[in-house]
There are 2 protein chains.
Amino acid sequence: MATIAQVALFAGVSTATVSRALNKPDVVDEKTKAKVREAVDALGYRPNQVARGLASRSSRTVGVVINRFDSAYYGQMMQGAEKGLRSVGYKTIAESTCEHADGERAAWNSLLDRQCEAIILHADALSDDELRELYKARRNTVLMNRYHPDFADRCVYLDNIKGGQLAGEYLLSKGHRSIATITGPSSYYEARDRLTGLRQSLANAGIELDPALVEEGNFRDDMGFTCMNRLIDSGKTLSAVFCQSDEMAAGALDACRQRGVRVPEDISVLGFDGLDLAYHLTPKLTTVRQPLREIGEAAGLLAYAVATKSTDHSDIKRIFAAEVVERSSVRDLNDGS
Amino acid sequence: MATIAQVALFAGVSTATVSRALNKPDVVDEKTKAKVREAVDALGYRPNQVARGLASRSSRTVGVVINRFDSAYYGQMMQGAEKGLRSVGYKTIAESTCEHADGERAAWNSLLDRQCEAIILHADALSDDELRELYKARRNTVLMNRYHPDFADRCVYLDNIKGGQLAGEYLLSKGHRSIATITGPSSYYEARDRLTGLRQSLANAGIELDPALVEEGNFRDDMGFTCMNRLIDSGKTLSAVFCQSDEMAAGALDACRQRGVRVPEDISVLGFDGLDLAYHLTPKLTTVRQPLREIGEAAGLLAYAVATKSTDHSDIKRIFAAEVVERSSVRDLNDGS
DNA sequence: ATGAAAGCGCTAACAT
DNA sequence: ATGTTAGCGCTTTCAT
């Protein structure tokens with residue numbers, strides 16, 4: 001590994017000149033630059049970016065803290081974030097936390113010790129209060145797909161209320177009136193917002209969401225299965241159920257299959273997330289897609305803006321809208337009438 | 001941000017002593033350590049790991065180069081690698097390449113410039129020849145889920161021949177004799193090996209794999225769909241088809257559904273990979289699982305061994321075995337007889 | 001336009 | 001057991 005000193009020696013110039021030739025080419029003479037280039041090629045010199053970072057106090061690195069990488073939900077955001085960061089020449093140090101608040105805290109700290117200029121945090125386990133507390137000391141943080149009222153300008157997230165509304169409106173437009181829903185944990189603002197949105201859209205149509213048709217799940221498929229069974233057992237009339245995640249919809253579909261309930265003939269099922277999974281279910285799942293890659297990418301760019309202390313972030317989109325991906329799990333009741 | 005100099009000043013000792021108190025606690029006096037601890041707490045000192053790395057010539061960082069993060073296949077390996085590295089106190093710089101040889105090359109280089117002590121490479125696009133060439137100059141590389149004869153001791157991978165055999169043996173054990181297969185691209189050694197394994201297991205049972213029942217796919221679901229249709233159109237007798245990826249199996253299942261072919265009553269379908277996807281298909285897909293998380297973790301540990309130049313890697317598993325995950329897409333023909 | 005010198009924050013001999 | 005002195009490989013004043 002050649003160092004800048006060796007290059008300088010070889011080229012017969014000072015290290016400062018080599019540094020300039022490489023980083024501020026317009027400030028140095030053509031001929032000198034040629035000599036430097038020659039030396040660089042001859043020695044196969046590649047600047048040590050760590051030393052560079054230490055001297056210039058800029059690591060060009062951001063940390064991404066995420067629950068886990070082995071699920072499409074996180075994977076898409078990770079992909080987006082890394083892509084955004086890569087596009088501006090930044091590196092991504094990735095760390096998973098295994099759904100542990102301790103892990104989230106530890107990762108946050110250790111990434112800062114590594115001189116990450118910003119941290120992209122997907123905090124699942126940390127509470128709003130703790131987040132606020134920690135954020136005070138670490139202002140260079142971006143929240144990915146989570147909203148926190150105290151630093152909304154550092155949050156990139158989906159408008160979950162509108163997402164829930166969209167779900168309701170879609171179902172209404174297909175003629176559904178008896179609508180059930182399987183939500184995420186009520187401790188998650190996403191779950192609450194989506195429910196609020198659903199309620200609003202129904203209210204706009206003069207329909208009140210029946211509390212008996214609201215089941216609280218946990219976003220995972222086994223709870224989708226359980227909740228769907230409960231709904232079926234309730235004996236209540238229902239023509240459609242809106243699941244707040246595709247995974248729960250998968251479980252719900254399983255339950256229907258086992259109970260001999262046909263989807264969408266007997267009951268329509270609408271998912272949320274828009275993962276590849278939805279496409280592979282039977283019937284292919286109609287779902288409300290969150291643009292996770294885009295959210296990740298925006299988080300990456302916002303992190304970059306934070307890192308470089310650029311004052312104007314107004315060009316970076318922070319609130320994203322969900323959209324319906326129409327497939328075959330929702331029946332159009334208008335057809336028959 | 002407090003520096004070590006400020007801590008030293010506060011504690012009334014030299015920076016060297018502070019450094020020792022933190023890194024080699026057994027070499028320094030209890031009382032001095034107490035003073036240092038106090039200073040550290042008072043100032044909220046956290047060592048700058050980048051400076052530390054520069055001085056000690058060890059970044060405690062490895063790079064992971066992967067096609068993309070937003071698919072379960074890569075995600076699982078990424079998760080395993082990061083976990084393995086994290087367990088030994090190393091950080092993971094992750095970079096995706098979007099299936100581009102240029103990307104793989106560039107990432108490899110730039111991660112080295114960042115002083116990664118080792119690189120974990122999942123090379124899809126780079127050819128064996130090019131890999132050999134590049135490897136010469138960068139011996140601190142680990143190949144994740146790929147085998148290269150020239151540096152087998154730096155490869156962590158699945159035994160695909162045995163995987164293919166396992167698939168064949170499983171199908172045979174269920175009474176299948178007319179077996180078709182949809183492979184990956186023949187340019188991939190994985191695809192060739194799995195086919196070889198399948199052939200061997202059939203040969204062991206005195207059966208020759210009918211060339212007309214071998215369709216070359218590309219691991220993606222749409223090709224699974226296309227190939228399955230071809231198989232159906234061929235009019236050949238076949239009771240089971242082994243798909244070399246779960247995704248292709250998903251496509252194959254779709255094709256069957258569209259053509260009115262029942263799975264597993266009319267045709268059995270066996271997948272490969274063991275992704276979550278397989279579980280969510282209808283019928284739930286029986287598949288040959290590769291332990292991707294374990295492979296990733298082993299790659300992480302091997303990278304650590306390479307980074308620390310530990311001479312003995314013999315405790316790190318490098319060749320992994322596939323296993324059958326039995327679900328509902330393969331019919332047991334022995335039942336009826 | 002270029003060089004000399006100082007320094008980023010830390011570790012690692014070498015002394016004592 | 002602790003302090004002194006050099007660096008690690010680079011950037012960045014400040015001169016010239």
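The sequence lines fix the lettering, A, B, ..., with proteins before strands; numbering per chain opens at 1.
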- For residues 4-18 of chain B, the salt bridge (Lys or Arg N to Asp or Glu O under 4.0 Å) pairs (sequence neighbours left out) are none
- Message: Using the side-chain contact (heavy atoms from CB on, under 4.5 Å) criterion, which residues pair with B:Tyr45? Sequence neighbours excluded.
- Response: B:Ala2, B:Ile4, B:Val7, B:Leu22, B:Val40, B:Pro47
- Message: Using a 4.0 Å cut-off to any heavy atom of chain A, which nucleotides of DNA chain C are the first and last in contact, reading 5' to 3'?
- Response: C:dA1 to C:dG9
- Task: Taking only heavy atoms on the protein side, list every residue of residues 14-21 of chain A lying under 4.0 Å from any atom of DNA chain D, sorted numerically.
- Result: A:Ala16, A:Ser19, A:Arg20
- chain A contact limits on DNA chain D, taken 5' to 3' with a cut-off of 4.0 angstrom to heavy atoms: D:dG9 to D:dT13
- Query: What is the ring orientation for A:Tyr73 with A:His122, classed by angle as parallel under 30°, tilted 30 to 60°, or perpendicular over 60°?
  - Reply: perpendicular
- salt bridge (Lys or Arg N to Asp or Glu O under 4.0 Å): pairs with one or both residues in residues 64-76 of chain B, sequence neighbours excluded: A:Arg293-B:Asp70, B:Arg68-B:Asp70
- Can you list every pair that meets side chain to side chain donor-acceptor pair (under 3.5 Å) and has a residue in residues 1-18 of chain A, with sequence neighbours left out? A:Ser14-A:Thr17
- salt bridge (charged side-chain N to carboxylate O under 4.0 Å, His left out) filter on A:Glu104, not counting sequence neighbours, yields none
- Quick one, which residues of residues 37-53 of chain A touch DNA chain C with a heavy atom under 4.0 Å? none
- Query: For DNA chain D, whose closest nucleotide is more 5', that of B:Thr32 or that of A:Met1?
  - Reply: B:Thr32
- Note on the structure: Smallest heavy-atom separation, A:Lys317 atom then A:Ala298 atom, equals O-CB, 3.4 Å
- Message: On a heavy-atom basis, which atom in A:Tyr157 and which in A:Arg146 lie closest, and how many Å separate them?
- Response: CB-N, 3.9 Å
- With sequence neighbours left out, write down each residue that passes salt bridge (charged side-chain N to carboxylate O under 4.0 Å, His left out) with B:Lys35, or none if nothing qualifies. none
- Message: Regarding B:Lys24, tell me which of base, sugar-phosphate or nothing describes its non-hydrogen contacts under 4.0 Å with the strands shown.
- Response: sugar-phosphate
- Sorted by chain and number, sequence neighbours left out, salt bridge (charged side-chain N to carboxylate O under 4.0 Å, His left out) with A:Glu99 holds for none
- Task: Heavy atoms only: give me the nearest B:Gly63-B:Cys116 pair and the separation to one decimal.
- Result: N-SG, 3.5 Å
- Item | salt bridge (Lys or Arg N to Asp or Glu O under 4.0 Å) contacts touching residues 57-66 of chain B (sequence neighbours left out) | none
- Query: Taking A:Asn48 for the side chain and A:Val50 for the main chain, is one N or O donor matched with an acceptor at less than 3.5 Å?
  - Reply: yes
